[in-house]
Peer 1: 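Below you'll find the structure I mean.
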Protein chains: 2
Amino acid sequence: MYTISEVAEKTGIKPHTLRYYEEEGIMQSERTPSGIRRYTEQQVGWLRFILKLRETNMPVSQIKQYTHYVKEGDHTALDRLHLLEVHMQNIQQQMAELRETEAMLEKKVKMYKEMIHTTDTLK
Amino acid sequence: MYTISEVAEKTGIKPHTLRYYEEEGIMQSERTPSGIRRYTEQQVGWLRFILKLRETNMPVSQIKQYTHYVKEGDHTALDRLHLLEVHMQNIQQQMAELRETEAMLEKKVKMYKEMIHTTDTLK
DNA sequence: ATACAAATTCAAGTGCACTTGAAGTCAAGC
DNA sequence: GCTTGACTTCAAGTGCACTTGAATTTGTAT
């Protein structure tokens, strides 16, 4: 079992943010008798999972929805599948936009390099 | 020359947001004698360009920096090149994260599909 | 026991990128 | 010439995802 600062260390997420995630209902923790948070390996695994969702811009509200389904049990499998599939489409959309802009920038960068090279050789 | 609402129509950006971009110094417009905005084809082209930067999460502050360089003239070509190259790296980083999460979700989706199928056939 | 770093809760604040509102000006159609 | 809708400026508000602060309690090391 890990303390909040150990988990913060392991994952790069601040203790404050971990408490905020718990407030928001997307993270869980155990508590010592005096009320201090302790995290199981599984809970850290869950954190890593939801961080991947956040990194790819799934809103906290949707992660919350997914988390609720998980808590409700196996009969929500179809709903979970649906959420994940929608997010995958979202990811594919994001990649398409990134690729497009990358291509545009490649051209522009090439232009700038030629321009700078030309200027240099005239000096 | 286009009016603000024509540009809004063409690009999907609200008139209000166009004025905000001008405030922020990342867009330009001409004015009629009475002070109403008119956009040249070039200005619309610039808008489309900065929208691609925004879509790929370049902060408005950096776009502003780039815009200033453009206004300053050719001697800033190297600085502009640098900004674009940094943003391209940023894009590549974003794509890497998206691909990683996509791979993870593909596995999870497959698992859910198998699980649901198994449950179905037991009914 | 005592010091002190780290934990707790609850509330308020921050930064970004818009968005909305209020109050007024302008221009084209009837 | 008057209405109507689009335009203007300037300021305040919104939503998201944290972040910071204040006041208090807890746990470990001397």
Peer 1: Taking only side-chain nitrogens and oxygens of Arg37(A), does any of them come within less than 4.0 Å of OP1 or OP2 of dT8(C)?
Peer 2: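 The answer is yes; a side-chain N or O of Arg37(A) sits under 4.0 Å from OP1 or OP2.
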Peer 1: Within less than 4.0 Å of OP1 or OP2 of dA7(C), is there a side-chain N or O belonging to Ser5(A)?
Peer 2: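 Checking Ser5(A) against dA7(C): at least one side-chain N or O falls below 4.0 Å of OP1 or OP2.
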Peer 1: Answer with base, sugar-phosphate or nothing: what part of the nucleic acid does Arg38(B) contact at a heavy-atom distance below 4.0 Å?
Peer 2: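 Since no nucleic acid heavy atom lies under 4.0 Å of Arg38(B), the category is nothing.
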Peer 1: In terms of side-chain heavy atoms of Ile36(B), which of dA17(D), dT8(C), dA27(C) is nearest?
Peer 2: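 Comparing dA17(D), dT8(C), dA27(C) against the side chain of Ile36(B), the answer is dA27(C).
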Peer 1: When the distance from CD of Glu30(B) to P of dC7(D) is rounded to whole Å, what number comes out?
Peer 2: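 So the two atoms are 17 Å apart, to the nearest Å.
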Peer 1: Applying salt bridge (charged side-chain N to carboxylate O under 4.0 Å, His left out) as the test, list every pair that has at least one member in residues 94-108 of chain B; sequence neighbours left out.
Peer 2: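 Qualifying pairs, neighbours excluded: Lys52(A)-Glu100(B).
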Peer 1: Send over the distance from Ile4(B) CD1 to dG5(D) C1', rounded to a whole Å.
Peer 2: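 So the two atoms are 15 Å apart, to the nearest Å.
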Peer 1: Is it true that Leu84(A) and Met88(A) fall in one hydrophobic cluster, defined by side-chain heavy atoms closer than 4.5 Å?
Peer 2: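 Cluster IDs for Leu84(A) and Met88(A) match.
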Peer 1: Where do Gln94(A) and Thr56(A) come nearest, in terms of heavy atoms and distance?
Peer 2: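 The answer is NE2-O, 3.0 Å.
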Peer 1: How far apart are the closest heavy atoms of Val60(A) and Arg54(A), and which atoms are they?
Peer 2: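 Where Val60(A) meets Arg54(A) most closely, the heavy atoms are CG2-CD, 3.8 Å.
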Peer 1: Phosphate oxygens OP1/OP2 of dT26(D): is one of them under 4.0 Å from a side-chain N or O of Thr32(A)?
Peer 2: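 Looking at the OP1 and OP2 atoms of dT26(D), neither is under 4.0 Å from any side-chain N or O of Thr32(A).
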Peer 1: Between Tyr112(A) and Tyr66(B), how do the two ring planes meet: parallel, tilted or perpendicular, split at 30° and 60°?
Peer 2: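 Perpendicular: the ring planes of Tyr112(A) and Tyr66(B) meet at over 60°.
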Peer 1: Looking at Met111(B), I'd like to know if its CE atom is crowded, meaning that more than 12 non-hydrogen atoms belonging to other residues, nucleotides or ligands lie closer than 6.0 Å.
Peer 2: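 Counting neighbours around CE of Met111(B), 12 or fewer heavy atoms of other residues, nucleotides or ligands fall under 6.0 Å, so no.
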Peer 1: Below 4.0 angstrom from OP1 or OP2 of dT26(D), is there any side-chain N or O of Arg31(A)?
Peer 2: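 For dT26(D), OP1/OP2 do not have a side-chain N/O of Arg31(A) under 4.0 Å.
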Peer 1: Rounded at 0.5 Å granularity, tell me how far CD in Gln93(B) sits from CG in Leu98(B).
Peer 2: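 So the CD of Gln93(B) and the CG of Leu98(B) are separated by 10.0 Å.
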Peer 1: When rounded to the nearest 0.5 angstrom, what distance separates NZ in Lys113(B) from OG1 in Thr118(B)?
Peer 2: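 It is 13.5 Å, given to the nearest 0.5 Å.
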Peer 1: Report the distance from atom OH of Tyr2(B) to atom OG1 of Thr11(B), rounding to the nearest 0.5 Å.
Peer 2: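 Those atoms lie 11.5 Å apart.
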Peer 1: With the threshold set at under 4.0 Å for non-hydrogen atoms, list the residues of residues 40-59 of chain A touching DNA chain D in residue-number order.
Peer 2: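 Result for residues 40-59 of chain A: Arg54(A), Pro59(A), sorted by number.
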Peer 1: In residues 14-26 of chain B, which ones come under 4.0 Å of DNA chain D, going by heavy atoms?
Peer 2: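 Listed by number, they are Arg19(B).
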